[in-house]
There are 2 protein chains.
Amino acid sequence: MDFSIGELSRRTGVKVPTIRYYEQIGLLPSPPRTEGQQRRYGKDAVSRLAFIRHARELGFELDAIRALLSLQDNPDQSCAAADTIAKDRLVEVERRIAALTALRTELRRMIDECACGRVAECRVIETLADTSHSHGRLAEG
Amino acid sequence: MDFSIGELSRRTGVKVPTIRYYEQIGLLPSPPRTEGQQRRYGKDAVSRLAFIRHARELGFELDAIRALLSLQDNPDQSCAAADTIAKDRLVEVERRIAALTALRTELRRMIDECACGRVAECRVIETLADTSHSHGRLAEG
DNA sequence: CTACTTCCTATAGTGACTATAGGTTCAAGA
DNA sequence: TCTTGAACCTATAGTCACTATAGGAAGTAG
């Protein structure tokens with residue numbers, strides 16, 4: 001039921017130094033240690049870390065993840081706080097989906113138009129060189 | 001026909017220190033200077049920098065952009081390399097859209113159901129903690 | 001009990017910027 | 001022509017989220 005940081009790493013796909021880093025910045029609680037100061041984890045750590053991992057993959061910043069985790073950590077808090085956090089995330093997620101969808105369209109167009117001839121005719125590069133796009137800062141992720 | 005780094009910044013939407021940084025890492029060639037060592041740019045710099053900016057917005061890493069620029073600089077090689085770079089981005093973008101769409105559903109459900117009950121039933125974390133996702137390293141973006 | 005893997009801390013490096021300090025150059029107005 | 005003030009210069013440090021390295025201790029299999 002108890003396992004090492006290496007095993008936690010294997011189970012979640014998060015690298016060992018990254019796990020220690022998450023502990024250091026307070027995203028993961030400090031686990032119990034053996035006599036010799038080695039960390040021992042349980043199943044809870046696996047799901048919490050898997051959550052962090054997937055949220056990171058989706059482009060959430062660690063601060064946003066901290067907010068989401070706080071929903072889980074304080075299940076008795078008023079729903080208003082949770083609701084606010086969830087709504088903020090929803091706005092962000094929708095923004096990201098919109099940006100990524102636009103990006104997908106463009107990437108598809110680039111690939112379709114590139115009939116794999118010479119670079120001279122390659123639209124991948126022309127598309128990117130096209131300056132007719134907005135200069136607004138694009139959301140990350 | 002010659003203009004300053006500030007003007008180049010205005011024309012491309014890339015910040016001045018970022019332009020200097022791109023020069024430093026060799027993405028942009030060192031431009032000619034005035035007597036007083038101030039950089040002077042021409043139209044070429046505008047299009048190269050616009051290209052870089054646009055590619056960054058699409059989530060290409062600087063190394064990928066370097067590769068794309070080298071294709072542009074030697075237009076006689078085959079387009080396959082550019083195509084591969086773009087296709088890799090597309091796969092990633094599609095994966096992200098799928099994950100975010102799932103998350104959006106969960107967040108919406110949470111907000112709907114949380115008609116001011118408790119957070120205890122929140123499934124946002126479970127949705128993201130789901131380990132059935134691939135463990136492949138995601139490229140940044 | 002040895003050998004070997006895994007673990008520990010602490011520190012430094014990465015990518016892609018961004019900010020700051022402290023000074024110089026340039027363009028425009030008096 | 002002089003002066004003022006914005007924009008420029010270099011160099012360095014800071015940011016975020018890791019990732020790598022050094023040098024040593026702990027755990028485990030034979």
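Sequence lines set the chain letters: A, B, ... in the order given, protein chains first and strands last, and positions in each chain run from 1. A quick note: this is a predicted structure, and the numbers were derived from the prediction, not measured. As a basis for the values below, the full set of heavy atoms in this structure was taken, side chains included, without hydrogen atoms, waters or symmetry mates.
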N/O (side chain, [X]) to phosphate O (OP1/OP2, [N]) under 4.0 Å:
{"X": "A:Arg33", "N": "C:dT9", "result": "yes"}
{"X": "B:Tyr22", "N": "C:dC17", "result": "yes"}
{"X": "B:Ser4", "N": "D:dA7", "result": "no"}
{"X": "A:Arg39", "N": "C:dC8", "result": "yes"}
{"X": "A:Arg20", "N": "D:dT19", "result": "no"}
{"X": "A:Thr34", "N": "D:dA26", "result": "no"}

With heavy-atom distances below 4.5 Å as the criterion, would you say the side chains of A:Tyr22 and A:Ile65 are in contact? no
Hey, does B:Ile52 have a side-chain heavy atom less than 4.5 Å from the side chain of B:Thr12? no
Whole-Å distance between [N] [atom2] and [X] [atom1]?
{"X": "A:Leu8", "N": "C:dC7", "atom1": "CG", "atom2": "C1'", "answer": "14 Å"}
{"X": "B:Arg40", "N": "D:dA7", "atom1": "CZ", "atom2": "P", "answer": "13 Å"}
{"X": "A:Ile19", "N": "C:dC8", "atom1": "CD1", "atom2": "P", "answer": "10 Å"}
{"X": "B:Glu7", "N": "C:dC26", "atom1": "CD", "atom2": "P", "answer": "17 Å"}
{"X": "B:Arg56", "N": "C:dT18", "atom1": "CZ", "atom2": "P", "answer": "9 Å"}
{"X": "B:Ile52", "N": "C:dA16", "atom1": "CD1", "atom2": "P", "answer": "12 Å"}
{"X": "A:Glu23", "N": "C:dA10", "atom1": "CD", "atom2": "C1'", "answer": "15 Å"}
{"X": "A:Tyr21", "N": "C:dC7", "atom1": "OH", "atom2": "C1'", "answer": "21 Å"}

Kindly point out which of [options] is positioned nearest to the side chain of [X]?
{"X": "A:Thr18", "options": "C:dC17, D:dT19, C:dC8", "value": "D:dT19"}
{"X": "A:Gln38", "options": "C:dC8, C:dC26, C:dT18", "value": "C:dC8"}
{"X": "B:Glu61", "options": "C:dC17, C:dT18, C:dA16", "value": "C:dA16"}
{"X": "B:Ile5", "options": "D:dC8, C:dC17, D:dA26", "value": "D:dC8"}
{"X": "A:Pro17", "options": "D:dT19, D:dA17, C:dC26", "value": "D:dT19"}

Mind listing the closest non-hydrogen atom pair of A:Thr101 and A:Ile97 along with its distance? OG1-O, 2.6 Å
Check B:Arg11 against B:Phe3 and note the closest heavy-atom contact, atom names and distance. NH1-CE2, 3.3 Å
If you assign each of B:Lys15 and B:Gly36 to its closest nucleotide in DNA chain C, which residue comes earlier from the 5' end? B:Lys15
Result for 5'-nearest mapping on DNA chain C, choosing between B:Leu62 and B:Glu35, is B:Leu62
B:Ile25 near the nucleic acid: base, sugar-phosphate alone, or nothing, with a heavy-atom cut-off under 4.0 Å? nothing
Does a salt bridge link B:Lys87 with B:Asp83, judged by any charged N lying under 4.0 Å from a carboxylate O? yes
So that I can tick it off, tell me whether B:Arg20 and B:Glu23 are bridged by a salt bridge, with the cut-off set at under 4.0 angstrom between side-chain N and carboxylate O. no
